[in-house]
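Please read the structure below before turning to the comments.
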Amino acid sequence: MAEHAAPRRGMDDVDAVTQAVLTASRLLVAVSARSLGEVEERVTLPQLRMLVVLSTRGATKLVVLAELLQVAPSTAMRMVDRLITAGLALRQANPDNRRETLLQLTDEGRRTVEEVTARRRAEISAIVERLTPAQRASLIKALTAFNEAGGEPPVDAAEAHPLGGG
């Protein structure tokens with residue numbers, strides 16, 4: 001494995017780490033995009049993110065879904081409409097408050113998330129396998145610290161979803 005060049009002159013360690021994280025982020029976004037594979041004609045990356053949130057949270061109100069995705073409710077509604085048309089999500093009345101509508105995944109939506117997650121996990125595993133055991137240990141330590149600094153809770157390995165959860 002080739003070593004990366006030392007940070008350029010005048011670049012402090014925060015800049016060097018930021019540059020490395022941005023590069024890793026670009027790699028992970030590319031892996032996520034490739035993991036869409038066979039479903040990419042039906043689902044965009046933002047729509048997949050919505051499916052993942054619904055998969056993680058279960059039945060969710062539109063306004064909550066919009067907040068979690070950091071989009072306007074009208075944008076979330078358009079995304080939901082497309083997912084419903086594709087047979088991946090559905091609306092149902094909230095049994096606790098009939099005036100509210102909840103959104104949830106269909107069985108096909110759940111299968112789509114599982115399929116994309118499995119592809120993403122396989123590609124990331126293949127990348128990680130190219131690292132030495134010492135590099136893997138360092139990466140675990142560094143990413144754990146990074147995630148803690150960013151307030152991101154650990155992901156249960158059995159539930160690792162592409163693009164995070166909500």
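For E148, the side chain to side chain donor-acceptor pair (under 3.5 Å) criterion is met by no residue, not counting sequence neighbours.
R136 and E129 get closest at one heavy-atom pair: NH2-O, 3.0 Å. The two residues G87 and T106 have their closest heavy-atom pair at O-OG1, 2.6 Å. Of all heavy-atom pairs spanning A76 and M50, the tightest one is O-CE, 3.6 Å. The minimum heavy-atom distance linking V113 with S55 is given by the pair CG1-OG, 4.0 Å. Minimum interatomic distance between L36 and L48 (heavy atoms only, all atoms of both residues): CD2-CD2, 3.4 Å. R57 approaches V64 most closely through the heavy-atom pair NH2-CG1, 3.8 Å.
Cluster membership check: L83 shares its hydrophobic cluster with V63, using side-chain heavy-atom separations under 4.5 Å among Ile, Leu, Val, Met, Phe, Trp and Tyr. In the hydrophobic clustering of ILVMFWY residues, with side-chain heavy atoms under 4.5 Å counting as a link, I124 and I140 come out apart. No continuous path of ILVMFWY side-chain contacts below 4.5 Å connects V17 to L143, so the two sit in separate hydrophobic clusters. The cluster map of Ile, Leu, Val, Met, Phe, Trp and Tyr, joined by side-chain heavy atoms under 4.5 Å apart, puts V31 and V29 in different clusters. L139 and V21 fall into different hydrophobic clusters, where Ile, Leu, Val, Met, Phe, Trp and Tyr are joined by side-chain heavy atoms under 4.5 Å apart, directly or via other members.
Within the model, atoms CD of Q47 and CZ of R82 stand 6.0 Å from one another, a figure rounded to the nearest 0.5 Å. Atoms CG and CZ, on L51 and R111 in that order, are 12.5 Å from each other to the nearest 0.5 Å. Here the CD1-CG distance, from I84 to L103, works out to 6.5 Å after rounding to the nearest 0.5 Å. Put simply, OG1 on T60 and CD on E67 are 11.5 Å apart, with the number rounded to the nearest 0.5 Å.
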Open item on the list: Checking L45 against R49 for the side chain to side chain contact (heavy atoms under 4.5 Å, CB included) test, could you report, in this order, the C-alpha distance in whole Å, the side-chain angles of both residues, the deciding distance, and whether it holds?
Closed with: CA-CA 6 Å; L45 209 48; R49 172 87 171 115; over 6 Å; no
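E115 and R119 are joined by a salt bridge, as a carboxylate oxygen and a charged side-chain nitrogen come within less than 4.0 angstrom of each other. Between D81 and R78 no salt bridge is recorded (no basic side-chain N to carboxylate O distance below 4.0 Å).
No side-chain heavy atom of L62 sits less than 4.5 Å from a side-chain heavy atom of T101. Side chains of L27 and I127 form a contact here, defined as non-hydrogen atoms less than 4.5 Å apart. Annotation: side chain of L88 is in contact with side chain of V43 (closest heavy-atom distance under 4.5 Å). Counting heavy atoms from C-beta on, the side chains of L102 and K61 come closer than 4.5 Å.
A side-chain N or O of R120 and one of S32 form a donor-acceptor pair less than 3.5 Å apart. N147 and E152 share no donor-acceptor pair across their side chains, judged by distance under 3.5 Å alone.
Here the side chain of E100 pairs no donor or acceptor atom with the backbone of N97 at under 3.5 angstrom. Remark: the backbone N or O of A142 is not paired with any side-chain donor or acceptor of T144 at under 3.5 angstrom.
Looking at L54, T85, L65, T75 one by one, the single match for side-chain contact (heavy atoms from CB on, under 4.5 Å) with V80 turns out to be L65.
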